[in-house]
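These notes are about the structure you will find just below.
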Amino acid sequence: AMTLDIVAMMFDYILGDDRIPDAIKALIGRLQIPVLKVAMIDKTFFSQKQHPARQLLDSLAEAAIGWDPGEGHEGGLYLKIEQLVGDLIEQFVDDTGLFQTALDHLRAWLADESRQAEAAAARSAETLRQRELADLARQVAHDEVESCLAGRPVPAVIRGFLNRHWEVLLADLHRKVGPDGDAWRGAVATMNDLLWSVAPKLDGDDRKRLIALLPGMLKRLDEGVKCIDL
């Protein structure tokens with residue numbers, strides 16, 4: 001009678017914990033009879049805190065605290081607990097080793113779930129980091145183009161090309177090589193050359209410079225637009 005009372009108190013304590021969802025409480029509550037049998041068979045049940053049956057109850061309760069009821073009865077944790085409880089109810093007669101087996105299975109499953117959650121978190125963090133880098137690259141590229149355009153009388157077609165297309169190239173280069181990379185500096189220099197090339201040429205020196213500049217500049221422009229599939 002005393003054993004029965006103590007086991008009942010143990011389950012009352014677990015099932016009275018508001019942090020454990022009711023659906024999981026119902027599953028854990030089904031273990032009362034198997035645990036009572038263990039307590040009757042194995043007198044070390046009360047004296048050993050590391051007894052597998054006690055550890056199993058603790059582990060089930062602890063895992064349940066983090067369970068999202070929104071997962072429903074098809075959620076992984078619910079199905080795992082349901083399976084372990086069902087196996088114990090069906091198979092346990094007097095072999096207390098079944099509780100150790102169930103405990104090992106639960107711990108292995110929880111460890112695997114934890115690894116998967118950590119991997120998913122790492123992927124999410126990397127995705128967020130890449131998104132932030134992309135946003136930064138777009139902003140830096142936009143600022144660079146606007147800085148070059150500021151105060152210059154630029155034909156609309158050139159302004160549109162730089163805003164819509166060359167800015168995309170600059171953002172891509174910023175992500176890949178950064179603002180100190182040769183490719184970034186070359187793309188900025190090409191943009192400045194393009195802007196200078198469409199400005200009025202007032203003397204012979206400017207016209208000679210333009211003639212010398214055009215072949216290389218056009219080649220760099222061609223390479224740039226190919227990089228963005230334009």
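Starting from 1, each residue takes its place in the sequence as its number. Reckoned from all heavy atoms, side chains included, excluding hydrogens, waters and symmetry mates.
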Is there a side-chain contact between [X] and [Y], using heavy atoms and a 4.5 Å cut-off?
| X | Y | answer |
| --- | --- | --- |
| Leu103 | Leu84 | no |
| Val85 | Leu88 | no |
| Pro155 | Arg159 | no |
| Val225 | His165 | no |
| Leu79 | Gln83 | no |
| Trp166 | Leu221 | yes |
| Arg152 | Asn192 | yes |

Do you know which two heavy atoms are closest between [X] and [Y], and how far apart they sit?
| X | Y | value |
| --- | --- | --- |
| Ala183 | Leu173 | O-CD1, 3.6 Å |
| Thr3 | Ala39 | CG2-CB, 3.6 Å |
| Met217 | Ser197 | CE-OG, 3.7 Å |
| Phe11 | Ile28 | CE2-O, 3.3 Å |
| Gln32 | Leu15 | NE2-CD1, 4.3 Å |
| Ile20 | Ile14 | CD1-O, 3.5 Å |

NZ/NE/NH1/NH2 to OD/OE distance under 4.0 Å, [X] and [Y]:
| X | Y | answer |
| --- | --- | --- |
| Asp172 | Arg175 | yes |
| Lys37 | Asp94 | no |
| Asp112 | Arg115 | yes |
| Asp58 | Arg54 | no |

Checklist entry - Parallel under 30°, tilted from 30 to 60°, perpendicular over 60°: which one fits the rings of His51 and Phe45? => result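 Correct class here is perpendicular.
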Tell me which pairs pass ring pair (Phe, Tyr, Trp, His ring centres under 6.0 Å) where either residue lies in [range], with sequence neighbours left out.
| range | result |
| --- | --- |
| residues 85-111 | Phe92-Phe99 |
| residues 180-212 | His174-Trp184 |
| residues 121-144 | none |

Next on the checklist: Using side chain to side chain contact (heavy atoms under 4.5 Å, CB included), reason through Asp182 and Val177 one step at a time and then give a plain yes or no.
Outcome noted: CA-CA 8 Å; Asp182 291 339; Val177 302; over 6 Å; no
Would a distance-only check, ignoring hydrogens and angles, find a side-chain to backbone donor-acceptor pair under 3.5 Å from [X] to [Y]?
| X | Y | value |
| --- | --- | --- |
| Lys25 | Asp17 | yes |
| Ser114 | Leu110 | no |
| Ser147 | Asp143 | no |
| Lys201 | Asp206 | no |

To the nearest 0.5 Å, tell me how far [X] [atom1] sits from [Y] [atom2].
| X | Y | atom1 | atom2 | result |
| --- | --- | --- | --- | --- |
| Ile228 | Leu170 | CD1 | CG | 9.0 Å |
| Ile65 | Glu62 | CD1 | CD | 7.0 Å |
| Glu113 | Glu118 | CD | CD | 12.0 Å |
| Thr101 | Asp104 | OG1 | CG | 6.5 Å |
| Glu167 | Leu162 | CD | CG | 9.0 Å |

Checklist entry - With distance as the sole criterion, is a donor-acceptor pair present between the side chains of Gln139 and Asp135 under 3.5 Å? => result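 The answer is no; no qualifying pair exists.
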Cluster check [X], [Y]: I/L/V/M/F/W/Y, side chain < 4.5 angstrom:
| X | Y | result |
| --- | --- | --- |
| Ile89 | Leu56 | yes |
| Ile41 | Phe46 | yes |
| Phe161 | Val157 | yes |
| Leu4 | Met40 | yes |
| Ile24 | Ile33 | no |

Next on the checklist: side chain to side chain contact (heavy atoms under 4.5 Å, CB included) for Leu133 and Gln130? Distances and angles first, verdict last.
Outcome noted: CA-CA 5 Å; Leu133 289 175; Gln130 291 298 330; 4.2 Å; yes
Checklist entry - Given the rule in the side chain to side chain contact (heavy atoms under 4.5 Å, CB included) test, do Leu230 and Leu169 qualify, once you have shown the distances and angles that lead to the verdict? => result CA-CA 10 Å; Leu230 179 63; Leu169 174 65; over 6 Å; no
Next on the checklist: Evaluate Arg129 against Glu126 for salt bridge (charged side-chain N to carboxylate O under 4.0 Å, His left out), listing each step before the verdict.
Outcome noted: CA-CA 5 Å; Arg129 189 181 75 87; Glu126 178 61 19; 3.1 Å; yes
Item to check | Residue pair Asp222, Lys226: steps toward the salt bridge (charged side-chain N to carboxylate O under 4.0 Å, His left out) verdict | outcome: CA-CA 6 Å; Asp222 188 52; Lys226 284 180 179 178; 3.3 Å; yes
Checklist entry - How far apart are the C-alpha atoms of Glu146 and Asn163, what are their side-chain angles, what is the distance that settles it, and do they pass the side chain to side chain donor-acceptor pair (under 3.5 Å) test? => result CA-CA 8 Å; Glu146 290 302 314; Asn163 285 141; 3.1 Å; yes
Next on the checklist: Please determine whether side chain to side chain contact (heavy atoms under 4.5 Å, CB included) holds for the pair Leu27 and Arg30, giving the CA-CA distance in whole Å, both sets of side-chain angles, and the decisive distance to 0.1 Å.
Outcome noted: CA-CA 5 Å; Leu27 292 178; Arg30 296 171 61 192; 4.0 Å; yes
